[in-house]
Number of protein chains: 2
Amino acid sequence: MEFYDCPVTATLEVIGGKWKPIILYVLMSGTKRFGALAVRIPNISRKVLTEQLRELESDGLLIRRKYKEIPPRVEYTLTPEGKSLWDVFNEMAIWGNNNRRIVKK
Amino acid sequence: MEFYDCPVTATLEVIGGKWKPIILYVLMSGTKRFGALAVRIPNISRKVLTEQLRELESDGLLIRRKYKEIPPRVEYTLTPEGKSLWDVFNEMAIWGNNNRRIVKK
DNA sequence: CCGAATCCCTAACGATACTG
DNA sequence: CAGTATCGTTAGGGATTCGG
């Protein structure tokens, strides 16, 4: 059992990790199907994409809507809480552009 | 060899991780000695604190200054690039306060 | 006082194959 | 199409001990 009283740490707890920022960014432009997300996020495995989406869902940042069709269709949409991360990403993008035009690893 | 053309990912690459935000935040209030950092960051081990400081140094976010005294003294100071992260942290703090007053794990 | 060196553990990430 | 299931890899972090 662990408590975070630092709001910055709390935020990073939710949007941190290797893939979550990209997932959230892609969804900022509107609802997407699972396959569409996979296409726009190169090199992510389906397993990891599923895991990350489930975590974002249980954190209340997005909603998963499953249609009982054949073939199946599943759509992911940001909640207002998820959309409200826009300002955070924007500020990070500004800093990244000013300081790290391209980061080589 | 890996390239990041997403500025958000680039930013998180630099400030992400479990301890870096807290380290940077503590240094926002001015130069600190190694020991002072350890005191203000509970539960971090010396080894990890050293590692993280070295990474932040090689990323150009802070400067390490070593005085040849006995007992030794080492001070860490944010560079202008490091200080310029203020806006990013501020935005994350706002979001964290609005959405995650306290996160329980 | 400020580390370096060593060893260890776990969670995150990934490759691949299979399924309703 | 949108996942599970399984197994394997790896990087981050931690405990402890030693040294200038």
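Labels below follow one simple rule: chain letters A, B, ... track the order of the sequence lines, proteins then strands, and each chain is numbered from 1.
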(request) Report yes if a side-chain nitrogen or oxygen of B:R64 is closer than 4.0 Å to either non-bridging phosphate oxygen (OP1 or OP2) of C:dG3; otherwise report no. (result) yes

(message) Using whole Å, what does the distance between atom C1' of nucleotide C:dA5 and atom CZ of B:R54 come to?
(response) 14 Å

(request) On DNA chain C, check which nucleotide each of A:E51 and A:P72 is closest to and give me the residue with the more 5' one. (result) A:E51

(message) Between P on C:dC2 and CG on B:L53, what's the gap in Å once rounded to a whole number?
(response) 11 Å

(request) Quick one: closest heavy-atom pair of B:W19 and B:Q52, and the distance? (result) CB-CG, 4.3 Å

(request) Report the distance from atom CG of A:L49 to atom P of D:dC1, rounded to the nearest whole Å. (result) 15 Å

(request) Provide the closest heavy-atom pair for B:M28 versus B:F89 in the form atom of the first, atom of the second, distance. (result) CE-CD1, 3.7 Å

(request) Measure from CD on B:E55 to C1' on D:dA11 and round the result to the nearest Å. (result) 11 Å

(request) Please answer: with hydrophobic residues joined when any side-chain heavy atoms are less than 4.5 Å apart, are B:W95 and A:W86 in the same cluster? (result) yes

(message) From C-beta outward on A:K47, which listed nucleotide comes closest to its side chain: C:dC1, D:dC7, D:dG3?
(response) D:dC7

(message) Looking only at the side chain of A:V48 (C-beta and beyond, no hydrogens), which of the listed nucleotides C:dC1, C:dG3, C:dC13 gets closest?
(response) C:dC13

(request) Please state how far atom CD in A:E75 lies from atom C1' in D:dA2, giving the value in whole angstrom units. (result) 13 Å

(request) Mind calculating the distance between CD (A:E13) and P (C:dA11) to the nearest angstrom? (result) 13 Å

(request) Would you classify B:T50 as touching base, sugar-phosphate or nothing, given that sugar-phosphate means primed atoms plus P, OP1 and OP2, and contacts are heavy atoms under 4.0 Å? (result) sugar-phosphate

(message) Any side-chain N or O of A:R33 below 4.0 angstrom from OP1/OP2 of D:dG3?
(response) no

(message) What contact category does A:Q52 fall into here, base, sugar-phosphate, or nothing, at under 4.0 angstrom with non-hydrogen atoms?
(response) sugar-phosphate

(request) Let me know the distance between NZ of B:K32 and P of C:dG3, rounded to the nearest Å. (result) 16 Å

(message) Below the 4.0 Å mark, does D:dA11 have OP1 or OP2 next to a side-chain nitrogen or oxygen of A:K18?
(response) no

(request) Determine the minimum heavy-atom distance between A:L56 and A:K20, stating which atoms define it. (result) CD2-CD, 3.8 Å

(message) With a 4.0 Å cutoff (strictly under), does any side-chain N or O of B:R46 reach OP1 or OP2 of D:dT16?
(response) no

(request) Write down the distance between CD (A:E69) and C1' (D:dA2), rounded to a whole number of angstrom. (result) 13 Å

(request) Locate the shortest heavy-atom distance separating B:K32 from B:G30; write the atom from each residue and the value. (result) NZ-O, 3.1 Å

(request) Using heavy atoms to find the nearest nucleotide of DNA chain C for B:V74 and A:G17 separately, return the residue whose nucleotide is more 5′. (result) B:V74

(message) So B:Y76, base contact, sugar-phosphate only, or nothing? Heavy-atom distance under 4.0 Å.
(response) sugar-phosphate

(request) Check every strand shown and say whether A:K66 touches a base, only sugar-phosphate, or nothing at a heavy-atom separation below 4.0 Å. (result) nothing

